[in-house]
Amino acid sequence: MPDRPATSARPPLRRVLVTGGCGFIGSNLVRYLRTQRPGCHVVNLDALTYSGNPENLADLAGDTGYTFVHGDIRDRALVERLLERCDAVIHAAAETHVDRAIMDSRPFMETNVLGTQTMLDAALHARERGAFAGVFLHVSTDEVYGSLPADRPDLRFTETSPLHPNNPYAASKASSDLLVATCRNTFGLETRVARASNNFGPYQFPEKIIPLFVTNLVQGLKVPLYGDGLHVRDWLHVDDTCEAILAILERGRAGETYNIGGHNERSNLELTRSILAILGKGGEMIRHVADRPGHDRRYATDTAKIERELGWRPTRSAWPAALERTVRWYIDNPGWWQRIRAGAYRDYYRRQYGETV
Ligand code: DAU
């Protein structure tokens, strides 16, 4: 289908189901929806696995426009019931951490592949009995495209680039994207897919590089930089992601995929040096460790489609201000991450990095 500007806006959202709303992107998204669309009731379905944290939405306690449901996306009857009267579902629940997928890929297949398949089945069944006629928006990742060379800044993935996942996490996300696409093709479900680059911001689980490095440094620990540190990621503030997701939901075209990126490519070494500088620490705090197996060199997407069709551009991702604000959030909220780092996280850290936090 040729690209063309979106013409018809949908009626205002009244009720939306968000899956994984206690995770990092999910919780920021729930809060964003409540703020930007106060007339829209948000139902949050979250299984509260290791990274789902009800504290992320503690500020919504008492909000009558928000409902939390503790449950599993693989419970089709539950999902079907929750979809009733919803205008849309934003499917953000996922296992997301590449290093954990390398340790054990099974939960990634169970949640990301079977979970998405169950969500789609539930949407189809609810539609069949007239209980759901809305949009199914799937939150995905630029990792599905695979890796680009770091010395070819001219190259970027577009929405039509072939899928080439290089690790079990990326394979599980590519599989879920394909399930969504086939559900649209075979059954005519009104789907959309958002493929985001590396997100950063508040409430990110401290297994990802930015919160991991900041919290280590605040605790006086060194930061484990993989390989030569010259891998490149495109950093996108989570508020920009939330804005893009809402634009895709409200004004995007049915069946389409949209890349979301920050126009903010940095090598891990540059990122690490920036964090060290913000915290007033020196290069001796870097611990060079063995590279991640199958480590993708560079992610970069072409975001012309969402910019042209929906007028979206990242406005909150620019460095150094956005990075400084994020680092400041972790400094100002030590209770949030100290509670996480005191629990099962310690076992993960020991297993992944061979030392204790
Ligand atoms: O591109 C989008 C993806 O970004 C999301 O789909 C994933 O869910 C998300 O985890 C993220 O994947 P990455 O693997 O790029 O994120 P991570 O924070 O794990 O790593 C970022 C870079 O930093 C990567 O090149 C590996 C490196 N790194 C990471 C960790 C955790 C280190 O050098 N040391 C570390 O300890």
Under a single-linkage definition using a 4.5 Å side-chain heavy-atom cutoff for Ile, Leu, Val, Met, Phe, Trp and Tyr, are Leu246 and Val30 assigned to the same hydrophobic cluster?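 Yes, Leu246 and Val30 fall within the same hydrophobic cluster.
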
Applying a strict under-4.5 Å side-chain criterion to I, L, V, M, F, W and Y, I'd like to know whether Val218 and Phe213 cluster together. yes

Work out which heavy atom in [X] is nearest to a heavy atom in [Y]; give both atom names and the distance.
X	Y	result
Leu17	Cys86	N-SG, 3.8 Å
Gly115	Ile73	CA-CD1, 3.5 Å
Pro314	Leu236	CB-CD1, 4.3 Å
Ala122	Val79	CB-CG1, 3.5 Å
Asp234	Gly261	OD2-CA, 3.5 Å
Ile209	Leu271	CG2-CD2, 3.8 Å

Exceeds 12 heavy-atom contacts within 6.0 angstrom, atom [atom1] of [X]:
X	atom1	result
Arg325	CZ	yes
Arg292	CZ	yes
Arg129	CZ	yes

Side chains of [X] and [Y] in contact at under 4.5 Å (non-hydrogen atoms):
X	Y	result
His97	Tyr169	no
Glu143	Val98	yes
Tyr330	Gln204	yes
Leu163	Leu178	yes
Arg297	Leu148	no
Thr191	Val135	no
Leu221	Leu217	no
His138	Met119	no

Please determine if Arg127 forms a cation-pi arrangement with Phe187, meaning its NZ or CZ atom is less than 6.0 Å from the six-membered ring centre and no more than 45° off the ring axis.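 No, Arg127 does not lie over the aromatic ring of Phe187.
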
Distance check, rounded to the nearest 0.5 Å: [X] atom [atom1] versus [Y] atom [atom2]?
X	Y	atom1	atom2	answer
Tyr349	Leu212	OH	CG	5.0 Å
Glu80	Phe132	CD	CZ	11.0 Å
Tyr203	Trp329	OH	CH2	5.0 Å
Ile25	Ile90	CD1	CD1	11.5 Å
Thr303	Leu310	OG1	CG	11.5 Å
Ile286	Leu276	CD1	CG	5.5 Å

Ring centroids only, cut at 6.0 angstrom: are His237 and Phe200 within range, meaning strictly under it?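 Yes - the distance between ring centres of His237 and Phe200 falls below the 6.0 Å cut-off.
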
Hey, do the aromatic rings of Tyr299 and Tyr145 have their centres closer than 6.0 Å?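 No: the rings miss the under 6.0 Å criterion.
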
Applying the side chain to side chain donor-acceptor pair (under 3.5 Å) test to Asn112, which of Ser140, Ser105, Ser172, Ser176 qualifies? Ser172

Member of Asp63, Asp239, Asp59 meeting the side chain to side chain donor-acceptor pair (under 3.5 Å) criterion with Arg31: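 Exactly one pass, corresponding to Asp59.
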
Would you say [Y] and [X] are linked by a side-chain donor-acceptor pair, where the criterion is simply a distance under 3.5 Å?
X	Y	value
Trp235	Asn199	no
Arg74	Gln117	no
His231	Ser267	no
Tyr353	Asn216	no
Lys305	Thr257	no
Asp142	Ser197	no
Thr67	His41	yes

Can a donor-acceptor pair be found, under 3.5 Å and without considering hydrogens, that links the side chain of [X] to the backbone of [Y]?
X	Y	value
Lys173	Val139	yes
Glu256	Val193	no
Asp72	Ala47	no
Tyr345	Pro206	yes

Going by the side chain to side chain contact (heavy atoms under 4.5 Å, CB included) test, name the single residue among Arg346, Arg350, Gln352 that passes it with Tyr348.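 Looking at Arg346, Arg350, Gln352, the match for Tyr348 under the side chain to side chain contact (heavy atoms under 4.5 Å, CB included) is Gln352.
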
With respect to Leu225, which candidate in Asp291, Val289, Leu269 satisfies the side chain to side chain contact (heavy atoms under 4.5 Å, CB included) definition?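 Going through Asp291, Val289, Leu269 one by one, the side chain to side chain contact (heavy atoms under 4.5 Å, CB included) with Leu225 is satisfied by Leu269 alone.
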
Hey, are [X] and [Y] close enough for a salt bridge, meaning a charged N less than 4.0 Å from a carboxylate O?
X	Y	result
Glu190	Arg184	no
Arg233	Asp296	no
Glu110	Arg106	yes
Arg14	Asp87	yes
Lys222	Glu284	no

Dump the intermediate steps for side chain to side chain donor-acceptor pair (under 3.5 Å) on Thr116 and His91, then the final yes or no. CA-CA 8 Å; Thr116 301; His91 177 38; 3.0 Å; yes

Salt bridge (charged side-chain N to carboxylate O under 4.0 Å, His left out) contacts in which one or both residues fall within residues 195-204, not counting sequence neighbours: Asp177-Arg195

Show the numbers, then the answer: is there a side chain to side chain donor-acceptor pair (under 3.5 Å) between Trp312 and Glu243? CA-CA 8 Å; Trp312 175 88; Glu243 187 184 60; 3.2 Å; yes

In terms of the angle between their ring planes, are Phe68 and His70 parallel, tilted or perpendicular, with boundaries placed at 30° and 60°?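 Parallel.
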
Could you walk me through whether Asp240 and Ile260 pass the side-chain contact (heavy atoms from CB on, under 4.5 Å) check? CA-CA 9 Å; Asp240 277 333; Ile260 316 171; 6.0 Å; no

Glu307/Tyr258 under side chain to side chain donor-acceptor pair (under 3.5 Å): CA gap, chis, key distance, verdict: CA-CA 10 Å; Glu307 292 176 17; Tyr258 294 88; over 6 Å; no

Apply side-chain contact (heavy atoms from CB on, under 4.5 Å) to residues Tyr32 and Asn28 and explain how you reach the verdict. CA-CA 6 Å; Tyr32 187 84; Asn28 280 285; over 6 Å; no

